[in-house]
Novice: 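Here you go, one structure.
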Amino acid sequence: QVQLVESGGGLVEAGGSLRLSCAASGRTSSIYAMAWVRQAPGKEREFVGGIRWNSGITGYTDSVKGRFTISKDNAKNTVYLQMNSLKSEDTGNYYCAARVAFSSWYNLDNYNYWGQGAQVTVSS
């Protein structure tokens with residue numbers, strides 16, 4: 001089992017920045033990749049970005065490319081989502097997720113573990 005705990009959400013003005021953290025514990029050696037997934041009110045969950053645990057290869061959805069950056073600290077088993085130039089449409093609950101096997105970033109059903117979520121609100 002893997003446990004994921006997010007932190008760092010909050011309220012920010014449009015154009016501002018926030019950094020989310022996701023600390024993994026448990027059988028972290030089983031992790032193949034981690035991702036950030038968000039859900040806006042009344043909308044479906046949406047893949048935001050992800051990082052492969054060992055190689056560090058990242059992937060992002062088009063709407064956040066150039067604004068969001070994912071990184072990881074292996075010693076702390078922690079993944080970060082640095083969000084810059086935030087827009088009101090970035091508002092939502094941001095979940096950290098992990099999967100133990102190769103899959104498309106966008107196939108959310110293949111993520112095995114999920115955190116509790118961190119609320120991000122961008123005011124315009």
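Quick caveat: nothing in here was measured; it's all calculated off a predicted structure. Just so you know, these numbers use all the heavy atoms, side chains as well, and skip hydrogens, waters and symmetry mates.
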Novice: On the six-membered ring of Y32, is R99 placed so that its NZ or CZ lies under 6.0 angstrom from the centre and within 45° of the ring axis?
Specialist: no
Novice: Taking it one step at a time, do E6 and Q116 satisfy side-chain contact (heavy atoms from CB on, under 4.5 Å)?
Specialist: CA-CA 7 Å; E6 301 101 331; Q116 81 285 355; 2.7 Å; yes
Novice: So do N84 and L86 actually touch side chain to side chain, heavy atoms under 4.5 Å?
Specialist: no
Novice: Identify the heavy atoms of C96 and L4 that sit nearest to each other, and give their distance.
Specialist: O-CD1, 3.6 Å
Novice: Looking at L81, V79, V48, which hits side chain to side chain contact (heavy atoms under 4.5 Å, CB included) with L20?
Specialist: L81
Novice: Any heavy-atom pair between the side chains of S63 and E46 that's under 4.5 Å?
Specialist: yes
Novice: With distance as the sole test, does T28 use its side chain to make a donor-acceptor pair with the main-chain N or O of S25 at under 3.5 Å?
Specialist: no
Novice: Please round to the nearest 0.5 Å and tell me the distance separating atom CZ of R38 and atom CZ of R45.
Specialist: 14.5 Å
Novice: Does any part of the side chain of T61, heavy atoms only, come nearer than 4.5 Å to the side chain of F68, both counted from C-beta?
Specialist: no
Novice: Between K76 (side chain) and A23 (backbone), is there a donor-acceptor pair under 3.5 Å?
Specialist: no
Novice: Given side chains that start at C-beta, do those of M34 and C22 come closer than 4.5 Å, heavy atoms only?
Specialist: yes
Novice: Look at the side-chain heavy atoms of Ile, Leu, Val, Met, Phe, Trp and Tyr, link any pair under 4.5 Å apart, and say whether L108 and Y106 land in one connected group.
Specialist: yes
Novice: Under 4.5 Å between side-chain heavy atoms, hopping through other hydrophobics if needed: is there a path connecting V37 to I51?
Specialist: no
Novice: Ignoring hydrogens and geometry, is there a side-chain-to-backbone donor-acceptor pair from S88 to V122 under 3.5 Å?
Specialist: no
Novice: Looking at D90 and K87, is there a salt bridge between them, counting it only when a charged N and a carboxylate O are closer than 4.0 Å?
Specialist: no
Novice: With a 4.5 Å cut-off on side-chain heavy atoms, are S17 and Q82 touching?
Specialist: yes
Novice: Same cluster for L18 and W36 if Ile/Leu/Val/Met/Phe/Trp/Tyr side chains link at under 4.5 Å?
Specialist: yes
Novice: Same hydrophobic cluster for W53 and Y60, using side-chain heavy-atom links shorter than 4.5 Å among ILVMFWY?
Specialist: yes
Novice: Is the closest side-chain heavy-atom distance between Y80 and I70 below 4.5 Å?
Specialist: no
Novice: Report yes if the side chains of R52 and N54 come closer than 4.5 Å at any heavy-atom pair, otherwise no.
Specialist: no
Novice: Are the side chains of Y94 and Q119 in touch, meaning some heavy atoms are under 4.5 Å apart?
Specialist: no
Novice: To the nearest 0.5 Å, tell me how far S30 OG sits from N112 CG.
Specialist: 8.0 Å
Novice: How long is the gap from NZ on K43 to CD on E89, to the nearest 0.5 Å?
Specialist: 8.0 Å
Novice: Is the distance from the ring center of W105 to that of F47 below 6.0 Å?
Specialist: yes
Novice: Using the ring of each side chain (for Trp, its six-membered ring), is W114 parallel, tilted or perpendicular to Y95, with breaks at 30° and 60°?
Specialist: perpendicular
Novice: State whether the side chain of R67 and the backbone N or O of S85 hold a donor-acceptor pair below 3.5 Å, judged by distance alone.
Specialist: yes
Novice: side-chain contact (heavy atoms from CB on, under 4.5 Å) for T91 and V120? Distances and angles first, verdict last.
Specialist: CA-CA 5 Å; T91 293; V120 172; 5.9 Å; no
